[in-house]
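Let me begin by presenting the structure, written as structure tokens, before commenting on it.
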There are 2 protein chains.
Amino acid sequence: MSLRIALLGLLTTAGAASGYDLTKKFGVSINHVWQAQHSQIYPELVKMEADGLITVLEEGARGRKIYAITEDGSRTLREWMLDFHPTAPPRSETALHTFLLPLLETDEAIEAVTRLREHFATRLAQLESIPPAPEGYRFGQFALQLGLAQSRACLEWADGVIDQLKASSR
Amino acid sequence: MSLRIALLGLLTTAGAASGYDLTKKFGVSINHVWQAQHSQIYPELVKMEADGLITVLEEGARGRKIYAITEDGSRTLREWMLDFHPTAPPRSETALHTFLLPLLETDEAIEAVTRLREHFATRLAQLESIPPAPEGYRFGQFALQLGLAQSRACLEWADGVIDQLKASSR
DNA sequence: GAGCGCATGTAAGCTGTTACATGATTCT
DNA sequence: AGAATCATGTAACAGCTTACATGCGCTC
């Protein structure tokens, strides 16, 4: 379901586009929020057209098909936005690793958490490099703020854990 | 792969157990970090036994099979812990919803974010109700701290967004 | 005409969800 | 005797990844 929503969202926020264009967009704008490969996108667009959520506006060179969202598609997207109820993501490899940290010796654990810290710092830097919305109210603005808040929290957590581990090794 | 790791981790931290026991454990101890249904666990245990990571210690009443981790299993788990490199989770329904918030009218968006806020508050309360490790260095302790830090960050984010939306509606 | 980027597709395989199915034991 | 719980499995399906496959159009 969410892939459809992401595609409908992109077609709304960025206008009509081909599967190829949409694939590229998943690599940039919406990237920190949702991702998909072309092998998943092309078949999904075919199904969405069959369901009347999008239409082919034109067929260009090299079999390029430009899709646009339909009334039905807009309604579906809006309903999803209004109905949405969050659920906690049930699986996180990083959290699993963290859960099992006491399996390692203290110095090994410090090394492992330092690696995590690096990762969080890199992610934070990436998000900080995205230019903020200039004014008003833009797509992705709030998601970016959420990503920043979470990255900062993770970074602080890693620093705290490293301190705890160092204290316990003395 | 990670399901295996979670199972090996549980067999290490909580000792030998049946598929049924492990299923229940995914419903409590490790629950905020990883989850699995019995329909996924039973076949996985069979494959893990075939791969020599676990063995059947005894077969009890009602076909109950008690599994224990093997040397090979412990080595695999330890190697995973040492090799682990985090990756950013590429998909979050909540972040996608957040990304598309500007599709809604301001008052609708406020309502939607208020629902998110509720969700984060509930999650935080759940994690806070887990008793902290009494002393020293326990399995799950750092993962719990991570969950708390992230939940608090999400809650603050929601409050900030609600403020921004209210300011923009005036 | 060789190579690159554009553009779309298919297939195999893994992970995870939901539902179906069965039988044993314990408790009331 | 009936219900609840213990205990294990299978099947169908959805979502996603990786790899394979093909052909057009532009530029050097």
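Here is how names work: the chains are called A, B, and so on, in the same order as the sequence lines, proteins then strands, and each is numbered from 1. Because the structure is a prediction, the values reported are computed rather than measured.
When the shell of 6.0 Å around CD of Glu111(B) is examined, it contains 12 or fewer heavy atoms from other residues, nucleotides or ligands.
No path of Ile, Leu, Val, Met, Phe, Trp and Tyr side chains, each step under 4.5 Å between heavy atoms, connects Leu8(A) with Leu57(A), placing them in separate hydrophobic clusters.
Rounded to whole Å, atom P of dC16(D) lies 12 Å from atom CE of Met1(A). Atom CZ in Arg4(A) sits roughly 12 Å away from atom C1' in dA14(D) (whole-Å rounding). Rounding to whole angstrom units, OH of residue Tyr67(B) and C1' of dG9(D) are separated by 11 Å. Put simply, CD on Glu49(A) is 10 Å from P on dG9(C), counting in whole angstrom units. Put simply, CD on Glu44(B) is 16 Å from C1' on dT8(D), counting in whole angstrom units. The distance from atom CD1 of Ile66(B) to atom P of dC6(D) is 14 Å, rounded to the nearest whole Å. Here the C1' atom of nucleotide dA21(C) and the OH atom of Tyr42(B) are 14 Å apart, to the nearest Å.
The shortest heavy-atom contact between Ala158(B) and Val113(B) is O-CG1, 3.8 Å. Shown here for Leu148(B) and Leu124(B), the closest heavy-atom pair between the two residues is CD2-CD1, 3.8 Å.
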Worksheet, complete the sentence: Readout for nucleotides 17-28 of chain D: B = base within 4.0 Å of protein heavy atom, S = sugar-phosphate only, - = neither; 5' to 3' it is BBB----BS---
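Put simply, Lys47(A) has no side-chain N or O that comes within less than 4.0 Å of OP1 or OP2 on dA14(D).
With salt bridges taken as basic N to acidic carboxylate O contacts below 4.0 Å, one links Asp72(A) and Arg75(A). The pair Arg152(A)-Glu156(B) fails the salt-bridge criterion, with no side-chain N (NZ, NE, NH1 or NH2) lying under 4.0 Å from an Asp/Glu carboxylate O.
Across residues 5-30 of chain B, Ser18(B), Gly19(B), Tyr20(B) each have a non-hydrogen atom less than 4.0 Å from an atom of DNA chain D (numbered order).
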Worksheet item: Hey, mind stepping through Ile30(B) and Phe139(B) against side chain to side chain contact (heavy atoms under 4.5 Å, CB included) and telling me if it holds?
Response: CA-CA 9 Å; Ile30(B) 209 171; Phe139(B) 291 105; over 6 Å; no
Fill in: Arg78(A) vs Glu108(B), salt bridge (charged side-chain N to carboxylate O under 4.0 Å, His left out): CA-CA, chis, key distance, verdict
CA-CA 11 Å; Arg78(A) 189 176 146 76; Glu108(B) 293 168 333; 2.6 Å; yes
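The main-chain N or O of Phe84(A) is found under 3.5 Å from a side-chain atom of Arg115(B) such that the two form a donor-acceptor pair. The main-chain N or O of Gly73(B) is found under 3.5 Å from a side-chain atom of Thr70(B) such that the two form a donor-acceptor pair.
For the helix from dG1(C)-dC28(D) to dT28(C)-dA1(D), the angle separating the two terminal helix axes comes to 10°, with each axis derived from five pairs and the value rounded to 10°.
Aromatic ring orientation, His38(B) versus Tyr42(B): perpendicular (interplanar angle above 60°, classes split at 30° and 60°).
Across the interface with DNA chain D, nearest-nucleotide mapping of Leu3(A) and Pro43(B) shows Pro43(B) to be the residue nearer the 5′ end.
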